[in-house]
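Because the structure is a prediction, the values reported are computed rather than measured. When a residue number appears, it is its place in the shown sequence, counting from 1.
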Amino acid sequence: MNPDFALYLALFAPLAALPLIAALAPWPNVRDAAHIGTAALTFALTLNLLHLMLGGASPSLLLFEIMPGLPLAFSLEPLGMTYALLASGLWVVIAIYAVGYMRANDEAHRTRFTIFFALAIAASLGIAFSANLFSLFVFYEVLTLSTYPLVAHKGTPEARAGARTYLAMLLGTSIVFFLPAIVWTWTLTGTLAFQPGGILGGRVDPAFAPFLLALFAFGIGKAALMPFHRWLPSAMVAPAPVSALLHAVAVVKGGVFALLKVAVYVFGVDYLSSSGASVWLCWVAAASLLISAFIALSKDDLKERLAYSTVSQLAYVTLGVALANQMGIVGGAMQMVMHAMAKITLFMCAGAIYVTAHKTRVSEMRGLGRQMPFTFAAFLIASLSIVGLPPMGGAWAKWFLLMGAADAHQMTMIAVLAVGSLLSLAYLVPVTASAFFAPARGEPSAAMKEAPLMLLLPICLTALGCIALFAFAHDIYVFLLHIDFLPLPEAVAP
């Protein structure tokens with residue numbers, strides 16, 4: 001297959017399915033099968049791109065130019081390929097889970113839900129394959145707009161209020177910070193193309209580089225850096241499949257991916273290191289990591305606790321960027337992957353508990369593990385991966401981040417990473433400890449049983465994925481080592 005056409009197919013497969021999903025609305029079973037089939041096809045097409053890339057191909061796609069030097073263009077490099085595989089692969093899992101959850105909860109407007117779900121994944125792939133800042137910004141905003149109806153899906157006053165906060169904060173940070181950062185970059189360099197080694201070295205005064213980096217760091221609001229994080233817990237009013245999408249697959253991973261991309265291909269890791277432009281960001285990321293972890297400890301609502309856990313875990317990626325060295329970037333990218341697998345498991349478990357036991361608070365979980373052993377065992381596995389304990393994949397992400405902090409001679413950041421892991425242990429592991437070992441409150445329901453199979457199967461798959469990632473971490477590491485060394489495809493080079 002022609003590599004450029006393969007890129008086109010992977011990018012537009014989810015969009016091509018939208019009319020079909022809408023047309024199948026009168027036949028829910030067929031519609032849901034089409035959704036799962038589209039997810040599987042998109043993942044297969046993305047795997048084909050990986051095969052072509054490993055074979056030496058450099059696919060590229062130029063759709064059109066807004067003006068000379070400002071194209072809507074796409075290309076492949078290891079970081080984007082990693083995010084694309086993450087988004088498309090986990091879409092298959094969450095598509096199956098969403099069908100089971102929406103049916104078990106008898107949710108309305110399922111066709112609308114499915115359409116916007118597919119559109120969000122299409123936007124994620126657009127972000128992953130973007131060849132320049134302009135293309136990334138366009139799909140970044142499409143992702144915000146396509147997930148807004150998902151957050152507001154239930155239509156309750158609480159859901160509408162949460163969705164308004166979600167939309168206002170993400171659009172606000174984009175307009176006030178992200179867009180000016182892009183314009184400033186264009187003014188300084190005359191290009192927005194992603195380039196190995198960055199495009200800003202020698203073109204921006206090191207005295208101003210921290211301010212430009214601040215515009216990017218706070219403008220990419222999906223990275224949930226404090227104080228621009230409130231949209232994330234506000235979005236917890238959404239159904240559990242949406243929470244999993246927001247926290248594991250599309251939105252927050254789109255944010256930290258964009259931040260990694262800017263660090264590597266706009267600033268350049270060497271320039272960030274030599275200029276000291278990112279030193280301040282280490283401290284902001286450290287503060288976000290610890291403060292949000294302490295807040296998570298205080299939350300009794302399970303989804304809200306997981307939301308603040310996400311804010312904390314995303315700060316690990318931002319800290320990896322701020323360390324401005326190879327191990328920091330690799331550790332941040334590994335954290336993006338490992339956290340996605342673990343957090344999607346945790347949110348799917350939260351949804352399964354709600355569907356089966358109608359419990360939403362941590363204090364209500366006492367004794368539930370003995371009635372839902374597979375669900376809570378998966379919750380424990382994912383929790384240990386978040387903490388960073390072997391043999392879970394998260395152990396490698398934390399290890400490389402520690403190596404990055406050591407390479408940067410940031411002993412304080414080593415302590416922050418260690419304390420953050422201890423705090424995640426404190427707010428996650430007691431959930432399963434209480435579920436398995438604490439006495440149940442009142443008489444257990446005679447009808448209590450495990451979650452429905454369409455919920456339980458995806459949960460078990462991603463829990464096993466947390467363990468599998470530990471075994472395959474070396475392959476991911478070797479692949480990510482090429483982040484800053486592949487040349488840009490000729491069609492989209494500046």
Side-chain angles (χ1 to χ4, degrees), residues 10-11 14-15 42 46 74 76-91 94 116-151 166-167 169-174 177-179 181-182 194 216-225 228-229 231-232 235 238 241-266 307 310-311 313-318 320-321 332-341 343-344 347:
L11 186 60
L15 292 176
T42 303
T46 308
F74 307 92
L76 286 189
E77 45 77 36
L79 189 58
M81 192 73 250
T82 302
Y83 176 48
L85 286 169
L86 195 64
S88 60
L90 290 181
W91 184 22
I94 199 64
F116 281 106
F117 213 97
L119 184 57
I121 299 298
S124 298
L125 293 175
I127 291 170
F129 298 141
S130 292
N132 54 56
L133 273 172
F134 171 71
S135 302
L136 188 148
F137 182 79
V138 169
F139 283 91
Y140 181 94
E141 300 309 320
V142 171
L143 181 58
T144 300
L145 297 174
S146 62
T147 47
Y148 167 76
L150 296 174
V151 176
Y166 174 84
L167 189 65
M169 290 205 70
L170 290 184
L171 287 182
T173 51
S174 288
F177 301 120
F178 195 11
L179 188 57
I182 293 172
F194 293 128
F216 277 114
F218 293 120
I220 301 173
K222 293 183 178 70
L225 195 63
F228 301 103
H229 69 287
W231 64 268
L232 205 155
V242 178
S243 299
L245 174 77
L246 296 176
H247 289 258
V249 183
V251 178
V252 296
K253 295 307 178 292
V256 292
F257 166 77
L259 198 54
L260 283 163
K261 192 98 170 177
V262 165
V264 174
Y265 294 106
V266 176
T310 298
V311 176
Q313 295 300 313
L314 292 176
Y316 281 85
V317 184
T318 305
V321 168
M334 292 276 276
Q335 172 71 357
M336 179 179 71
V337 175
M338 306 304 180
H339 177 258
M341 189 67 71
K343 191 51 65 76
I344 197 172
F347 271 105

Task: Shortest non-hydrogen separation from Leu259 to Ala217 and the atoms involved - done: CD1-CA, 3.9 Å
- [ ] Taking the six-membered ring of Tyr83 (Phe, Tyr or Trp), confirm whether the NZ or CZ of Lys253 is under 6.0 Å from its centre and within 45° of its axis.
- [x] no
Task: Worked check of side chain to side chain contact (heavy atoms under 4.5 Å, CB included) between Phe134 and Ile182 - done: CA-CA 8 Å; Phe134 171 71; Ile182 293 172; 5.9 Å; no
- [ ] Report yes if some heavy atom in the side chain of Leu170 is under 4.5 Å from a heavy atom in the side chain of Lys222; otherwise report no.
- [x] yes
Please list, one pair per line, the donor and acceptor atoms closer than 3.5 Å that link side chains of residues 121-130 to other protein atoms, with sequence neighbours excluded.
| unit_1 | atom_1 | unit_2 | atom_2 | d |
| --- | --- | --- | --- | --- |
| Ser124 | OG | Ala120 | O | 3.0 |
| Ser130 | OG | Gly126 | O | 2.6 |
| Ser130 | OG | Leu136 | N | 3.2 |

Task: Side chain Thr46, main chain Thr42, donor-acceptor under 3.5 Å - done: yes
TODO: Report the distance from atom CZ of Phe178 to atom CZ of Phe218, rounding to the nearest 0.5 Å.
DONE: 14.5 Å
Open item on the list: For a quick test of reading the model, state the closest non-hydrogen atom pair linking Val321 to Ala263 and the distance between them.
Closed with: CG1-CB, 3.5 Å
Open item on the list: Suppose we call two aromatic rings close when their centres sit under 6.0 Å apart. Are Phe257 and Tyr140 close by that rule?
Closed with: no
- [ ] Using modelled atom types only, decide if a donor and an acceptor are shared between the side chain of Gln313 and the backbone of His339 within a distance under 3.5 Å.
- [x] no
Open item on the list: Checking Phe228 against Leu225 for the side chain to side chain contact (heavy atoms under 4.5 Å, CB included) test, could you report, in this order, the C-alpha distance in whole Å, the side-chain angles of both residues, the deciding distance, and whether it holds?
Closed with: CA-CA 6 Å; Phe228 301 103; Leu225 195 63; over 6 Å; no
- [ ] Would you check, one step at a time, whether the test side chain to side chain contact (heavy atoms under 4.5 Å, CB included) holds for Leu232 with Met169?
- [x] CA-CA 10 Å; Leu232 205 155; Met169 290 205 70; over 6 Å; no
Task: Inter-residue atom distance Leu79.CG - Lys261.NZ, 0.5 Å rounding - done: 6.0 Å
TODO: Please name the pair of heavy atoms, one in Met341 and one in Leu90, separated by the smallest distance, quoted to 0.1 Å.
DONE: SD-CD2, 4.0 Å
Open item on the list: Using 0.5 Å steps for rounding, measure from the CG atom of Leu86 to the OG1 atom of Thr82.
Closed with: 8.5 Å
Open item on the list: In the structure I gave you, are the side-chain heavy atoms of Tyr265 and Glu77 within less than 4.5 Å of one another anywhere?
Closed with: yes
Open item on the list: Just verifying a value: how many Å separate Ile344 CD1 and Trp91 CH2, rounded to the nearest 0.5 Å?
Closed with: 13.0 Å
TODO: State, yes or no, whether a side-chain contact exists between Leu167 and Leu145 at a heavy-atom distance under 4.5 Å.
DONE: yes
Open item on the list: Between Trp231 (side chain only) and Gly221 (backbone N and O only), is there a donor and an acceptor less than 3.5 Å apart?
Closed with: yes
Task: Distance (rounded to the nearest 0.5 Å) between Glu141 CD and Ser146 OG - done: 10.5 Å
Task: Donor-acceptor side-chain pairing of Thr144 and Tyr166 below 3.5 angstrom - done: no
TODO: Decide side chain to side chain contact (heavy atoms under 4.5 Å, CB included) for Thr147 and Phe116; before the verdict, give the C-alpha distance in whole Å, the side-chain angles of both, and the deciding distance to 0.1 Å.
DONE: CA-CA 7 Å; Thr147 47; Phe116 281 106; over 6 Å; no
Open item on the list: Return the OG to CG distance between Ser135 and Asn132, rounded to the nearest 0.5 Å.
Closed with: 3.5 Å
